[in-house]
Amino acid sequence: MIQKPKGTYDVFKEQGKKIKYLEKLLSALMEKYNYEFVRTPNFEATELFHRGVGETSDIVSKETYDFLDRGNRNMTLRPEGTAGVVRSFIENKRYADASLPVKNWYYGPMYRYERPQSGRFREFYQFGVEVFGSNDPLVDAEVISIPVNFYKLLGLKGIKVNINSLGDTESRLSYKEALINHFRPHLDLLCDDCKKRFEKNPLRILDCKVDHELDIMSSAPKIIDYLNEESKKHFEEVQKYLKLMNIEYTVNPNIVRGLDYYTNTVFEVEADIEDFGSQNVLCGGGRYNGLVEALGGPSTPAVGFAMGIERLLNALEAENINIISNDLDIYVIPMSVNEKAYSYKLCQDLRMNGFNVDIDYMNRNIKANFKQADRLNPKYLIIIGEEEVNSSILTIKNNNTKEEYKIKEEDLIKFFDEVISYED
Ligand code: ATP
Ligand code: MG
């Protein structure tokens with residue numbers, strides 16, 4: 001038997017309903033903020049990720065799915081969404097849009113060759129936003145507020161927002177120097193990866209999952225003490241807006257994020273739920289003012305975040321939050337095959353009038369059909385026998401209250417319009 005590739009998963013039944021529901025909520029949420037949906041290819045030129053995500057990041061140095069296509073081009077399955085959205089922003093000259101900022105959102109699969117475990121897959125789904133063209137701290141705060149508000153809307157309680165600032169280029173340079181001086185005498189204590197990071201990008205050492213408990217990590221200089229006046233002011237303003245929106249947060253100097261392109265604000269939201277497990281970072285992001293230029297566009301400030309859908313589902317489950325709604329409005333039951341054609345015609349009319357309708361396709365007898373109705377749990381049943389077909393007066397049953405109604409076929413749509421309300 002052929003099995004699914006390691007680190008992937010199939011979606012069906014309850015899981016499928018949950019995911020479809022989350023996707024619906026995410027679209028509706030983005031409408032509220034007036035963000036624009038964008039979609040970019042699932043694979044891109046390998047070079048895009050090397051330049052966009054950075055050579056020293058874990059993602060590029062050990063997690064990408066690379067392949068040569070049949071035309072001998074180096075291609076990579078996208079490990080994250082930002083590089084592609086930035087490429088698209090530049091390639092489509094979105095920087096020339098009259099209505100800046102360009103506020104994008106995306107949703108789709110990402111691919112990373114990682115060790116699979118709970119909350120960590122090789123194919124996983126991310127929802128994210130990228131906002132281009134404004135350096136205003138208000139936008140940083142809005143981008144932080146989107147996932148936080150989303151989790152609140154879902155009823156998730158155990159979340160913790162960590163923020164930090166990496167400062168602008170000037171602040172980062174002086175911080176980098178301080179880090180080099182701090183780690184140089186202790187290089188032998190660090191893992192092999194960190195020894196490389198020391199040479200290429202010492203900030204990444206702080207993000208190491210192997211060395212994070214060493215004393216030299218906690219005693220390392222803090223970026224906060226190296227921010228210049230401008231960066232400090234930007235960070236304070238971000239916090240001012242977060243307070244305005246009643247978003248609780250912690251300034252955590254160890255948040256440096258796994259990607260190379262961040263400047264100023266960085267943040268992560270973690271699940272703060274007992275026994276949740278170690279893959280507890282639900283989303284992360286920050287400002288990346290240098291990336292558009294680094295990928296060949298005009299210097300453009302930008303800020304964004306990405307959230308993993310699988311970890312969100314885990315968090316909802318851990319808090320016993322059931323997000324499945326009952327979407328089936330009507331189940332149509334023909335009493336025998338003689339009523340099948342009439343019933344299916346009715347089914348079609350109801351669907352075209354906006355109702356969610358299912359019908360028996362298995363020629364079940366009436367008893368088996370009531371059992372099927374119990375499994376499907378529709379709001380209403382329509383039971384169609386010979387008498388109903390002849391008289392065009394239909395028997396409708398409320399599946400909750402078990403109340404029965406006799407409704408003329410011509411009044412059916414009006415009846416359901418009144419009793420079934422649409423929230424979306
Ligand atoms: P981690 O430190 O957990 O590896 P990361 O820094 O690599 O996370 P990002 O690149 O910032 O993660 O991706 C944003 C979000 O995407 C994460 O917070 C997480 O929810 C999700 N995510 C990242 N990698 C995976 C994966 N392999 N499987 C499932 N979800 C993932
Ligand atoms: Mg990772």
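Remember, predicted model here, so these are calculated numbers, not experimental data. Order of listing sets the numbers, starting from 1, for every ligand and every atom in it.
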Nearest candidate to [atom], where distance is taken over non-hydrogen atoms, out of [options]:
atom                    : options                : value
atom 19 (C) of ligand 1 : R122, Q117, R311       : R311
atom 12 (O) of ligand 1 : E80, R112, Q126        : R112
atom 1 (P) of ligand 1  : E114, R120, R115, Q279 : R120

Task: Listed partners of F67 passing ring-ring contact (aromatic ring centres under 6.0 Å, His included), at least two apart - done: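 Checked F67 against ring-ring contact (aromatic ring centres under 6.0 Å, His included); zero matches.
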So for ligand 1, is [X] a polar contact partner (N or O within less than 3.5 Å, distance only)?
X    : result
A306 : no
G284 : no
F121 : yes

[X] contact mode with ligand 1 (heavy-atom cut-off under 4.0 Å):
X    : answer
E268 : neither
L282 : backbone
K209 : side chain

Would you check if there is a donor-acceptor pair between the side chains of [Y] and [X] at a distance under 3.5 Å?
X    : Y    : value
N201 : K196 : no
Q372 : R375 : yes
Y331 : N377 : no

Give the numbers and elements of all ligand 1 atoms closer than 4.0 Å to a heavy atom of [X].
X    : result
C283 : 18 (O)
V281 : 17 (C), 18 (O), 19 (C), 20 (O)
G308 : 15 (C), 16 (O), 20 (O), 21 (C)

Task: More than 12 heavy atoms from other groups under 6.0 Å of CD on E230 - done: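 Open: at most 12 neighbouring heavy atoms sit under 6.0 Å from CD of E230.
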TODO: Identify whether NZ of Lys or CZ of Arg in R112 sits under 6.0 Å from the centre of the six-membered ring of F124 and within 45° of that ring's axis.
DONE: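 Not satisfied by the 6.0 Å and 45° rule.
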Open item on the list: Once side chain to side chain donor-acceptor pair (under 3.5 Å) is applied, do any residues pair with S165, and if so which ones, sequence neighbours excluded?
Closed with: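 Expected list: none.
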TODO: Compute the centroid of each ring, for F121 and then for Y9, and state whether the two points are separated by less than 6.0 Å.
DONE: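 Ring centroids of F121 and Y9 are less than 6.0 Å from each other.
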